[in-house]
Amino acid sequence: MSLDPVLKKKIKDQELKKKEIEDYRNKCIEEIKEREFAAFVEYVTCDTLPHKKENNIIELSTSEYNESGENKKICTSESFYCPDWAAAMPPELIRSALFALLGNKEKILVNNKLIPSRSDVKLFLTGEELSVHDETIYLALLRLARNKNIGEKNYFQISTLCNELEIKPTGGKNGNIKVIISSIERLAKAAIKIEFTRKEKKSVVSMHLLNFGIENINDVKLMYVRLDPDGAELFKAVAYQNWETRLALKSDMAKKLFTYISSHQSKTKYNHKLEDLKSWFGFTREIYRFRPVLYSALKEIQELGVISNLECEKNYVSWFRN
């Protein structure tokens, strides 16, 4: 008994679509391999990290951001590179209360609001306030965009993002999918103006944190994000943090602190006033409430071996960045 001609055509069309998707996937893999073989890799790290520069090529002099323990040579390009083990973000975003410790505080809309930050950064936000949870989503989206050119669309399914976050793609009113989509929409609406200085060069950048949309690719519904090309100058330097360690941290304070410490130079001692950290972390409650939560988070991070020689006093803390 032969199949109905209409049914045969439908089966053939489905097979062709599957082949097109598979061919597209293989093409992407080949392009990434070609970049690797050609050593066309941008291995960007924070300006504060030790490095030496020769003929516009930077060679890392620390193994902290290079798991092989060997130095890697890099060249400047418009691509966004992040190693598989890490998450990455520009240090100027890290050293501000852009992603704040809001707790249960209701997020509000702000217009050109000056965000508390270190003296070397001046940042204004237009959009809805962002939390440490939004920071985690942002880092995960940046991980998905690694090895892409800035401005290039990066397609993915929501289940792929959930895998990055190591959570289940649950649906429903309070499911993970709805929470993630809401966060992505907040991030996409967030417009910032940031003034910063790197190596005595002052820059002013106005940009969105990311661009977001949904498209049908070969009848497959896919989400996409892309980095705003206007932010290319900002993304020329990023600070890395271990992604698995980030996901394992228990409290929002520990996550915020871990991200902040990631922007610091290794093998160096740091001293901070509690009032400064409270401001830069976006903690709006009293200092006596901030102090014990910070101390607990610092001890958690010290146990992970990220810092050592921790000293906690009433008005300041100090640590050695391992």
Output the distance between atom [atom1] ([X]) and atom [atom2] ([Y]), rounded to the nearest 0.5 Å.
{"X": "Phe124", "Y": "Ile194", "atom1": "CZ", "atom2": "CD1", "result": "10.5 Å"}
{"X": "Leu209", "Y": "Leu93", "atom1": "CG", "atom2": "CG", "result": "7.0 Å"}
{"X": "Glu135", "Y": "Thr259", "atom1": "CD", "atom2": "OG1", "result": "4.0 Å"}
{"X": "Lys178", "Y": "Thr170", "atom1": "NZ", "atom2": "OG1", "result": "12.0 Å"}
{"X": "Ile158", "Y": "Ile184", "atom1": "CD1", "atom2": "CD1", "result": "5.0 Å"}
{"X": "Glu195", "Y": "Ser206", "atom1": "CD", "atom2": "OG", "result": "9.0 Å"}

Practice prompt. Decide yes or no on side-chain contact (heavy atoms from CB on, under 4.5 Å) for Ile181 and Met223, but give the supporting numbers first.
Written response: CA-CA 10 Å; Ile181 296 296; Met223 302 171 68; 3.5 Å; yes
Please list, chain by chain and in numerical order, all residues satisfying ring pair (Phe, Tyr, Trp, His ring centres under 6.0 Å) with [X], sequence neighbours excluded.
{"X": "Tyr224", "result": "Tyr155"}
{"X": "Trp319", "result": "His272"}
{"X": "Phe290", "result": "Phe283"}

Mind checking whether [X] and [Y] have side chains closer than 4.5 Å, heavy atoms only?
{"X": "Val238", "Y": "Met89", "answer": "no"}
{"X": "Lys314", "Y": "Arg291", "answer": "yes"}
{"X": "Lys278", "Y": "Thr284", "answer": "no"}
{"X": "Ser262", "Y": "Ile94", "answer": "yes"}
{"X": "Asn154", "Y": "Leu141", "answer": "no"}
{"X": "Tyr295", "Y": "Val317", "answer": "yes"}
{"X": "Ser296", "Y": "Met253", "answer": "no"}
{"X": "Phe212", "Y": "Leu187", "answer": "no"}

Heavy-atom pair of closest approach, residues [X] and [Y]:
{"X": "Ala86", "Y": "Tyr240", "answer": "CB-CB, 4.1 Å"}
{"X": "Ile177", "Y": "Pro169", "answer": "CD1-O, 3.5 Å"}
{"X": "Asn242", "Y": "Thr245", "answer": "OD1-N, 3.0 Å"}
{"X": "Cys82", "Y": "Arg146", "answer": "O-CD, 3.1 Å"}
{"X": "Leu277", "Y": "Leu294", "answer": "CD1-CD2, 4.0 Å"}
{"X": "Ser263", "Y": "Ala239", "answer": "CA-CB, 3.9 Å"}

If we ignore hydrogens and angles and just use 3.5 Å, is the side chain of [X] paired with the main-chain N or O of [Y] as donor and acceptor?
{"X": "Lys153", "Y": "Asn211", "value": "no"}
{"X": "Arg226", "Y": "Glu152", "value": "no"}
{"X": "Tyr316", "Y": "Glu311", "value": "no"}
{"X": "Lys255", "Y": "Leu247", "value": "no"}
{"X": "Asn176", "Y": "Lys168", "value": "yes"}
{"X": "Ser117", "Y": "Arg95", "value": "no"}
{"X": "Asp228", "Y": "His208", "value": "yes"}
{"X": "Tyr260", "Y": "Trp280", "value": "no"}
{"X": "Gln241", "Y": "Ala87", "value": "no"}
{"X": "Asn218", "Y": "Val220", "value": "no"}

Worksheet item: Using 4.0 Å as the upper bound for N to carboxylate O, is an ion pair formed by Glu233 and Arg198?
Response: no
Worksheet item: Going through the distances and angles, do Leu139 and Phe99 end up as a side-chain contact (heavy atoms from CB on, under 4.5 Å)?
Response: CA-CA 11 Å; Leu139 287 168; Phe99 298 101; over 6 Å; no
Discussion item. Restricting to side chain to side chain contact (heavy atoms under 4.5 Å, CB included), what partner residues turn up for Val179, sequence neighbours left out?
Written reply: His133
Worksheet item: Above 12 or not: heavy atoms from other molecules or residues under 6.0 Å from NZ of Lys299?
Response: no
Discussion item. Does Lys105 have more than 12 heavy atoms from other residues, nucleotides or ligands lying within 6.0 Å of its NZ?
Written reply: yes
Item to complete: Please name the residue in the list Asp120, Val205, Leu123 that meets the side chain to side chain contact (heavy atoms under 4.5 Å, CB included) test with Phe196.
Response: Val205
For residues [X] and [Y]: do they belong to one hydrophobic cluster (side chain heavy atoms under 4.5 Å, members Ile, Leu, Val, Met, Phe, Trp, Tyr)?
{"X": "Met207", "Y": "Leu114", "result": "no"}
{"X": "Ile108", "Y": "Val132", "result": "yes"}
{"X": "Phe320", "Y": "Leu304", "result": "no"}
{"X": "Leu109", "Y": "Ile115", "result": "no"}
{"X": "Val225", "Y": "Ile214", "result": "yes"}

Item to complete: Given side-chain contact (heavy atoms from CB on, under 4.5 Å), test Val110 with Glu128 step by step and report yes or no.
Response: CA-CA 6 Å; Val110 297; Glu128 193 172 349; over 6 Å; no
Discussion item. Before you tell me yes or no, could you show the steps for Ile180 and Leu165 under side-chain contact (heavy atoms from CB on, under 4.5 Å), namely the whole-Å CA-CA distance, both residues' side-chain angles and the distance that decides it to 0.1 Å?
Written reply: CA-CA 10 Å; Ile180 289 172; Leu165 295 164; 3.8 Å; yes
Response to the item:
Joining Ile, Leu, Val, Met, Phe, Trp and Tyr whenever any side-chain heavy atoms lie under 4.5 Å apart, the cluster holding Leu102 also takes in none
Discussion item. Between Arg118 and Asp276, does the salt bridge (Lys or Arg N to Asp or Glu O under 4.0 Å) criterion hold? Intermediate values first, please.
Written reply: CA-CA 8 Å; Arg118 288 184 10 170; Asp276 287 339; over 6 Å; no
Item to complete: Only pairs at least two apart or in different chains count here, so list each side chain to side chain donor-acceptor pair (under 3.5 Å) that has a residue in residues 182-192.
Response: Asp134-Ser183, Asp134-Arg186
